[in-house]
Amino acid sequence: ERQRFPEETVNIIKSAFTGGVVGWVYGGLPAFYHARKAFIERSHGELFQNRADAVQSAHRAGLRSFIRYGWRWSWRVAIFVTIFNTVSTGLSVYRNKTAISNFAAAGAFTGALFRMHLGLQGLAGGFVFGTAFGIPAGGLLMIMQKLAGETLQEKRHRERRELYEQKLAEWQSRLSVTDVLGQMEGNAQGGLETERARES
């Protein structure tokens with residue numbers, strides 16, 4: 001109706017991007033330090049042109065590991081966060097309320113989905129881990145919404161009410177224009193009938 005994406009969709013996209021960045025940093029930084037340290041330990045016998053060349057070579061080795069291992073963590077965390085937020089947002093919109101149970105269910109579903117390739121035991125473990133992750137994550141999100149002063153449901157209800165009032169005002173203004181036009185037409189017809197009566 002407003003020619004834009006719903007705020008829930010925008011929030012899912014933002015959280016996916018943020019999750020990807022956090023995953024990249026989480027996986028990439030330890031890999032960077034480890035690869036740099038390993039390169040320094042391995043390269044004691046190598047000849048370098050100068051100290052700057054040696055430092056650059058160590059940094060390049062660390063950067064390659066940062067990109068490689070950061071990417072591995074990045075896409076996994078981004079997908080996990082996207083699925084979690086999609087399920088929890090879908091439940092919140094469907095039930096028209098935000099509750100811890102929505103986040104617990106989203107965490108359980110996402111954890112089970114990520115571990116189902118390990119069999120029934122992995123599925124159960126992912127379910128438990130996801131539920132244990134979803135409850136505090138949901139509590140934190142609910143606290144942040146409360147601190148912001150307005151939950152997503154309250155904002156959605158307010159925007160719907162404002163849109164309804166705006167459309168009602170537009171409809172009433174069109175209706176009043178139609179009434180004025182009807183009165184003018186009636187006056188014009190009455191004037192013509194009076195003129196005809198005078199002529200006859």
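No hydrogens, no waters, no symmetry mates; every other heavy atom, side chains included, goes into these values.
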- [ ] Please examine the side chains of Phe103 and Ile135, heavy atoms only from C-beta on, and report whether any two atoms are closer than 4.5 Å.
- [x] no
- [ ] Please identify each residue that fulfils side chain to side chain contact (heavy atoms under 4.5 Å, CB included) with Thr9, with sequence neighbours left out.
- [x] Pro6, Ile13
Open item on the list: If I take atom OG1 from residue Thr18 and atom CG from residue Asn11, how far apart are they, to the nearest 0.5 angstrom?
Closed with: 10.0 Å
TODO: Go through the structure and list residues passing side chain to side chain contact (heavy atoms under 4.5 Å, CB included) with Val10, not counting sequence neighbours.
DONE: Phe5, Lys14
TODO: Could you tell me the separation between the CG atom of Asn102 and the CG atom of Leu141, rounded to the nearest 0.5 Å?
DONE: 11.5 Å
Task: Euclidean distance, Leu168 CG relative to Trp171 CH2, rounded to 0.5 Å - done: 7.5 Å
TODO: Output all residues satisfying side chain to side chain contact (heavy atoms under 4.5 Å, CB included) with His34, sequence neighbours left out; order by chain, then residue number.
DONE: none
Task: Min side-chain heavy-atom separation Lys146-Met142 under 4.5 Å - done: no
Distance-only check: which donor-acceptor pairs under 3.5 Å involve side-chain atoms of residues 69-77, not counting sequence neighbours?
residue, atom, partner, partner atom, Å
Ser74, OG, Gly20, O, 2.9
Arg76, NH1, Arg72, O, 3.1

TODO: Please indicate whether Glu165 has more than 12 foreign heavy atoms, meaning atoms of other residues, nucleotides or ligands, lying under 6.0 Å from its CD.
DONE: yes
Task: CZ-CG distance between Arg115 and Leu123, expressed to the nearest 0.5 angstrom - done: 11.5 Å
- [ ] Kindly write out the residues that satisfy side-chain hydrogen bond (donor to acceptor under 3.5 Å, both in side chains) with Thr131, not counting sequence neighbours, or none if the list is empty.
- [x] none
- [ ] Using side chain to side chain contact (heavy atoms under 4.5 Å, CB included) as the criterion, list what pairs up with Ile67, not counting sequence neighbours.
- [x] Trp24, Leu63
Task: Gap between atom CD1 of Ile79 and atom OG1 of Thr110 - 0.5 Å precision - done: 11.5 Å
Task: Shortest non-hydrogen contact from Ala61 toward Ala35 - done: O-CB, 3.7 Å
- [ ] Find the distance between NZ (Lys37) and OH (Tyr33) and round it off to the nearest 0.5 Å.
- [x] 13.0 Å
Task: Any residue meeting side-chain hydrogen bond (donor to acceptor under 3.5 Å, both in side chains) with Ser15, in chain and number order, not counting sequence neighbours - done: Asn85
Open item on the list: Applying a strict under-4.5 Å side-chain criterion to I, L, V, M, F, W and Y, I'd like to know whether Tyr26 and Phe17 cluster together.
Closed with: no
Task: Connected-component partners of Val128 among ILVMFWY, side-chain separation under 4.5 Å - done: none
Open item on the list: Connecting only ILVMFWY residues whose side-chain heavy atoms lie within less than 4.5 Å of each other, what is the rest of Ile143's hydrophobic cluster?
Closed with: Leu147
Open item on the list: To check you understand the geometry: which heavy-atom pair defines the closest contact between Val81 and Ala16, and what is its length?
Closed with: CG1-N, 4.3 Å
- [ ] Would you mind listing every ring pair (Phe, Tyr, Trp, His ring centres under 6.0 Å) that reaches into residues 112-155, with sequence neighbours excluded?
- [x] Phe80-Phe114, Phe80-Phe133, Phe84-Phe133
Task: Nearest heavy-atom neighbours spanning Ser65 and Ala31 - done: CB-O, 3.5 Å
Task: Phe109 atom CZ: more than 12 heavy-atom contacts under 6.0 Å - done: no
TODO: Applying side-chain hydrogen bond (donor to acceptor under 3.5 Å, both in side chains), name anything that partners Ser101, two or more places apart in sequence or on another chain.
DONE: Arg95
